[in-house]
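Take a look at the structure set out below.
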Amino acid sequence: MSNTYTRWIHHGEPLVMVTGNVEHLNEDIGCNVEHLNEDVSCNVEFETNEPPDDPEDDQMYRMVQDLYPDQNHGPRTKSKFATILEEMKQVLHPGGPYTRFSFVVKLLHIKSFYRISNVAFSAFLDLLSSAFPNCSLPASYAEAKTFIRALGLGYESIHVCPNNCVLFRKELAKKDACPICGASRWKDADSRRKIPEKVLRHFPLIPRLKRMFGSKELSAEAQWHKLKRKPVDNELSHPADGEAWKDFDRKYEWFANDARNVRLGLATDGFNPFGKMSSSYSMWPVFLIPYNFPPWQCMEQSNFMMCLLIPGPTCPGKDMDLFLQPLVEELLNLWSGVPTLDALTGKEFDLHAAIIWCIHDYPALSTLSGRVTRGYYACVCCDKNPCYKRLRNKICYIGHRRFLPVDHIWRRKKDFNGQTEERAQPEEFTQDELMQQLARVEHVRPGNHPNNKKRKRVEEGQCWKRRSTLWDLPYWSNLKLRHNLDVMHIEKNICEALLGTFLDIAGKSKDSVTARLDLEDMGIRKNLHLKDDGNSTCTALHAPYVMTKAQRKAFCAFIKNVKFPDGYASNLARCVSVDECKVQALKTHDCHILLQRILPAGLRGIMHKEIYETIAELGNFFQQICAKKLKLDALNKMRGEIPIILCKL
């Protein structure tokens, strides 16, 4: 390692010590600043914990000015932004660097960035107004919000039936009770101030996509995937390199011909907005991510668009389709085309957009798609002839050998489940079979709908419990990859299961009495069977995959003393108790780092060679999956290796 490499910019440490002239960057990063954009190995990011506050680099006026065309574009388009432009020209006070509009928007940004309450923000505005009477500031937070509404940054509040039967919109907007279940729309119907029982917040998508093409810079970046991207053989570095994107382009050539048409990914998951105050509350935001941008911009939080905020207190479950209705209606309009002004060309065009896949964890797969994710048909890879096996108190999926080559030696061994494996790899449904599955559950409706009480007999092999509203999109049935599982959720589940078993944590270890009885029922691993003491008690022999007291202390001490570069990972030492031999309160990213980097090294010398080598292979698998650039030949090789790794586990 070079002696001058003192700031680890290539290993996760941000470059924050930047002062003075930019020419001094040469001394810190050891490369020519003039070639920073050309040298990928010298990619420098400037990070800060403060919100941007440079009045000389204000992008808002330029963006709105791009949206304000010349006179020959007609008075209709001009009147939409004329008020905003006139407001942005008014200075806050004579000789000051801020306009009234930019100052209020920056105040709202600070409020959001530092999580200032509405009451405190209104009091702050009142103090500023009294201290600087010559500045025409808004009097309250409600008045300040009118500025962002002018930019199309508002949202629509939609009242929901308490039982999730209907949305009170369109023809039901003036109804006071649900027409299906009869539940009142209000918490206290007799009160003068009517408060709704449940509110869905809808952030319109179409104005935001229009605003994206209202900036010349963003309009050019939105066409990067087709005009500037340089594909590399045998490499995946952008969603456009994937087969799902290419298959969509082949089926809808008219969509692919215009680089401005937007491809979106939908992501959702539940979270508790109250932290640890109420562990039972679950609220579900729905995000859309535009994939037209370069890879380094796709995953920026500024490009995430929250379209829906689904209220709690519980998971929406089968009622998810009800909450998706406003979004699906917008997506149908975007598929047909929405007239949009392109600031880059100064001309109007028909903007189209489509969701090409969804991203979520495994439980949310059922919520969003309607696919069964528990019971005998929980495996999404086994549409026909699933690999389930009924044990004493659960259903287990241990048919990994079906994915091995037909002549693999492990297929003939009985060490895995007491039987040889002669079955072929499970088959997927054809398009016609999939449509038949969905047709059997078309009667299922959200909420307390009468059709839901008419239970129909579940046919053998039925893998779907409802038809999702996403199937109303004309292109949804032709997508090659509709749903993606979030890899970090999978890593967290695997890491917690491994740690719980290795450290023998009560309630989290997979090495339970029931598991030992299951091994006995299958007739495998006789050295782990329970031994009868003759006194109506049984003894569980020590398993090689469970650490002893000394091993647990050595492992926990290793985890506690691991040091990371700044910004690479959180402080894992606060999650480790060496005296109690526990690792707890791990976040998702903590498990991500542990599984890929720490566990293989920490287990070496403590566990048996076969165990830590298998964990190292599993960590290497996830490490390659999470790489910024993937090799196609490496993926094909990993496809054949993962069944072997699962069989070893």
When the aromatic ring centroids of Phe255 and Tyr475 are compared, is their separation below 6.0 Å?
-> no
Would you verify whether the NZ or CZ of Lys480 falls within 45 degrees of the ring axis of Phe248 while also being under 6.0 Å from that six-membered ring's centre?
-> no
Donor-acceptor list for residues 352-361 side chains, cut-off 3.5 Å, not counting sequence neighbours:
from	atom 1	to	atom 2	distance (Å)
His352	ND1	Trp335	O	3.0
Trp357	NE1	Tyr291	OH	3.2
His360	NE2	His483	ND1	3.0
Asp361	OD1	Ala364	N	3.1

Kindly write out the residues that satisfy salt bridge (charged side-chain N to carboxylate O under 4.0 Å, His left out) with Asp383, not counting sequence neighbours, or none if the list is empty.
-> Arg371
Sorted by chain and number, sequence neighbours left out, ring pair (Phe, Tyr, Trp, His ring centres under 6.0 Å) with His225 holds for Trp245
Tell me which donor-acceptor pairs under 3.5 Å the side chains of residues 194-207 have, and how far apart each pair is, sequence neighbours excluded?
from	atom 1	to	atom 2	distance (Å)
Lys198	NZ	Asn164	OD1	3.0
His202	ND1	Glu156	OE1	3.3
His202	NE2	Glu330	OE1	3.0

Angle class for the Phe121/Phe124 ring planes (parallel below 30°, perpendicular above 60°, tilted otherwise)?
-> tilted
Minimum-distance pair of heavy atoms, taken over all atoms of Ala144 and Leu108 | O-CD1, 3.7 Å
Check whether the side chains of Asp269 and Trp284 place a donor and an acceptor atom closer than 3.5 Å, and report yes or no.
-> no
In terms of heavy-atom contacts, Ser122 and Tyr141 come closest through OG-N, 3.1 Å
Decide if atom OH of Tyr362 counts as having more than 12 heavy atoms of other residues, nucleotides or ligands within a radius under 6.0 Å.
-> yes
Tell me whether the centres of the aromatic rings in Trp296 and His238 are closer together than 6.0 Å.
-> no
Heavy atoms of other groups near Glu253 CD, more than 12 under 6.0 Å | no
Check: Leu125 main-chain N/O paired with Ser129 side-chain donor or acceptor under 3.5 Å | yes
Got a second to check how far Asp258's CG is from Leu351's CG, nearest 0.5 Å?
-> 8.5 Å
Could you list the residues that satisfy ring pair (Phe, Tyr, Trp, His ring centres under 6.0 Å) with Phe304, not counting sequence neighbours?
-> none
Exercise: identify the closest heavy-atom pair between Met212 and Leu218 | O-CB, 3.2 Å
Those residues that, when tested against Arg250, pass side-chain contact (heavy atoms from CB on, under 4.5 Å) (two or more places apart) = Glu243, Lys246, Asp247
Would you call Asp319-Arg445 a salt bridge at under 4.0 Å N-O?
-> no
When Asp342 is tested against each of Lys216, Arg260, Lys210 for salt bridge (charged side-chain N to carboxylate O under 4.0 Å, His left out), which residue passes?
-> Arg260
Test: Asp472 and Arg467 ion pair at under 4.0 Å = yes
